[in-house]
Amino acid sequence: MGKVLCEFSMSLDGYVAGPGVSSDMPMGEGGEALHAWMFSADAGPDNARAKREMVERTVAVILGRRTFDLGVAHWDGTPFPVPSFVLSHRPPPADLADGFAFVDSGIDAVLRQAREAAGGRDVRLMGADVARQYLSAGQVDEVVVQLVPVLLGGGERLFPDGLTARLQPTACIATAQVTHLRYAALRE
């Protein structure tokens, strides 16, 4: 069975988006710096490999409604070219792009649907709120943090006070733009 992946680029002070997130600035003020390593012309082989693995391992996506609302205008279809499941209690927009399914039946049901669509391969979580829900429920298998040497000073935290999980380091690769940290999530 594939893994449930929680992978985010995060600032050194713990933010996955800067302050002032809006439809015009889906990553918030300064938040685009978190993804610069993926698009740099001089990214280097380690960053290129990390980006390639991210894309290759993503076979289905679970994302939250806020992430959908903020990102859909900026994506060319789904965030990855795979089935994408939006966890939402609100109905989908009338002009919903192909590849999205809106699910209102809770995180367990959405995960079952995403795993079925992934056919035994990996399911990626998108959006800090969705990732926190699955982490809290003990349903994440792997946490990947792309630690970016920038301080955003505010914004959206992935790991807020009170969220607990036991993680075991499995990889650490440092580059000039980002440090790639990989952890296995340990079950109690």
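Note that the coordinates shown come from a computational prediction; the quantities given were computed from them, not determined experimentally.
- The OG1 atom of Thr164 lies 9.5 Å from the CG atom of Leu135; values are rounded to the nearest 0.5 Å.
- Scanning both residues, Leu158 and Ala131, for their nearest heavy atoms gives CD1-CB, 3.8 Å.
- When every heavy atom of Val4 is checked against every heavy atom of Arg115, the shortest pair comes out as CG2-NH2, 3.0 Å.
- The shortest side-chain heavy-atom distance between Phe85 and Leu111 does not fall under the 4.5 Å cut-off.
- Judged purely by distance below 3.5 Å, without hydrogens or angles, the side chains of Trp37 and Ser9 pair a donor atom with an acceptor atom.
- Separating the CG atom in Leu152 from the CG atom in Leu34 is a distance of 5.0 Å, to the nearest 0.5 Å.
- Cluster annotation: Val143 is connected to Leu12 through the hydrophobic network of ILVMFWY side chains, with a link wherever side-chain heavy atoms come within less than 4.5 Å.
- Aromatic ring centres of Phe68 and Phe102: separated by under 6.0 Å.
- A side-chain donor-acceptor contact under 3.5 Å links Asp13 to the backbone of Gly153.
- Taking each heavy atom of Leu181 and Cys172 in turn, the nearest pair found is CD2-SG, 3.6 Å.
- For the residue pair Thr175/Asp46, the side-chain donor-acceptor check at 3.5 Å is not satisfied.
- For the pairing with Gln113, the side chain to side chain contact (heavy atoms under 4.5 Å, CB included) check across Val123, Val103, Ile62, Asp108 returns one residue only, Val103.
- Between the CZ atom of Phe80 and the CG atom of Leu63 there is a distance of 10.5 Å, given to the nearest 0.5 Å.
- A continuous path of Ile, Leu, Val, Met, Phe, Trp and Tyr side chains, each step under 4.5 Å between heavy atoms, connects Val140 with Val16, placing both in one hydrophobic cluster.
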Next on the checklist: The test is side-chain contact (heavy atoms from CB on, under 4.5 Å); show your working for Leu147 and Phe8 and say whether it passes.
Outcome noted: CA-CA 9 Å; Leu147 192 61; Phe8 286 85; over 6 Å; no
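- Expressed to the nearest 0.5 Å, how far CG of Leu70 lies from CE of Met27 amounts to 10.5 Å.
- The pair Glu156-Arg132 meets the salt-bridge criterion, since a charged nitrogen lies less than 4.0 angstrom from a carboxylate oxygen.
- Judged purely by distance below 3.5 Å, without hydrogens or angles, the side chains of Asp24 and Ser22 never pair a donor atom with an acceptor atom.
- Taking the side chain as every heavy atom from C-beta outward, Leu151 and Ser11 never approach each other to under 4.5 Å.
- Salt bridge absent: Arg66 and Asp69 never bring a charged side-chain N and a carboxylate O closer than 4.0 Å.
- Every residue meeting the side chain to side chain donor-acceptor pair (under 3.5 Å) condition with Arg157, not counting sequence neighbours, appears here in chain and number order: Tyr15.
- Taken to the nearest 0.5 Å, the OG1 atom of Thr67 stands 6.5 Å off from the CH2 atom of Trp75.
- Annotation: Glu116, atom CD; neighbour count of heavy atoms from other residues, nucleotides and ligands within 6.0 Å does not exceed 12.
- Between atom OH of residue Tyr183 and atom CZ of residue Arg166 there is a gap of 15.0 Å, rounded to the nearest 0.5 Å.
- Sparse packing is recorded around NE2 of His89, with 12 or fewer heavy atoms of other residues, nucleotides or ligands lying under 6.0 Å away.
- At least one donor-acceptor pair under 3.5 Å links the side chain of Thr58 to the backbone N or O of Met54.
- Taking Glu142 as the reference, Lys3, Arg57, Arg182 meet the side chain to side chain donor-acceptor pair (under 3.5 Å) condition, with sequence neighbours excluded.
- Annotation for Ser88 and Arg65: closest pair OG-NH1, 3.4 Å, computed over non-hydrogen atoms.
- In terms of heavy atoms, Val86 sits closest to Phe100 at CG2-CD2, 3.8 Å.
- Residue Asn47 forms a side chain to side chain donor-acceptor pair (under 3.5 Å) with just one option from Gln146, Gln177, Arg52, and that option is Gln177.
- Under the 4.0 Å criterion applied to side-chain N and carboxylate O atoms, Arg187 and Asp141 are assigned as salt-bridge partners.
- Under a 3.5 Å cut-off, the side chain of Arg124 and the backbone N or O of Cys6 do not form any donor-acceptor pair.
- When side chains are defined from C-beta on, Ile107 counts as touching Leu87, because their heavy atoms get closer than 4.5 Å.
- In this structure, the side chains of His180 and Val144 stay at 4.5 Å or more apart for every pair of heavy atoms.
- For the residue pair Gly20 and Glu29, the shortest heavy atom distance occurs at CA-OE2, 4.4 Å.
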